[in-house]
Amino acid sequence: MRKFLTITLMSVVSLALAMTISSARTENGKAASERAAPAKVTVKIVGFEFQPKTLTVKAGTTVEWINEGTRHSVDADDGSFKSEILKQGDKFEH
């Protein structure tokens with residue numbers, strides 16, 4: 001009977017330890033992903049030019065355009081997005 005109780009107790013402790021380790025890994029994975037701020041880059045519009053003129057970003061990155069000049073808009077070449085007319089100081093994100 002003692003042997004059975006010892007084996008049962010060891011099994012319960014092992015299972016509890018395994019569940020704790022698994023839970024900690026999941027929580028750490030969530031915490032790391034939640035801490036990672038979404039990527040965001042800024043493009044300035046100055047004198048009818050974008051600065052920088054070209055930009056390569058990873059999928060999921062937010063691009064923010066800030067108009068520092070006269071009225072301007074931001075239009076995707078493929079038509080997938082288009083801003084309203086931006087006045088000086090206005091911003092547009094996609």
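None of these values were measured; they are calculated from a predicted model.
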Sort and list the pairs that fulfil side-chain hydrogen bond (donor to acceptor under 3.5 Å, both in side chains) and have at least one residue in residues 70-84, not counting sequence neighbours.
->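 Matches after skipping sequence neighbours: Ser73-Asp75, Asp78-Ser80.
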Value rounded to 0.5 Å, distance of CD in Gln51 from CD in Glu49 =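 Taking CD in Gln51 and CD in Glu49, the distance rounds to 6.5 Å.
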Atom OG1 in Thr61, atom NE2 in His94: separation rounded to 0.5 Å?
->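 The OG1 atom of Thr61 sits 11.5 Å away from the NE2 atom of His94.
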Linking Ile, Leu, Val, Met, Phe, Trp and Tyr through side-chain heavy atoms less than 4.5 Å apart, which residues share a cluster with Val43?
->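 Val43 shares its hydrophobic cluster with Val41, Ile45, Phe50, Leu55, Val57, Val63, Trp65, Val74, Phe81, Leu86, Phe92.
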What closest approach, in Å, do Glu68 and Val46 show between heavy atoms, and which atom pair accounts for it?
->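 Shortest heavy-atom contact: OE1-CG2, 3.8 Å.
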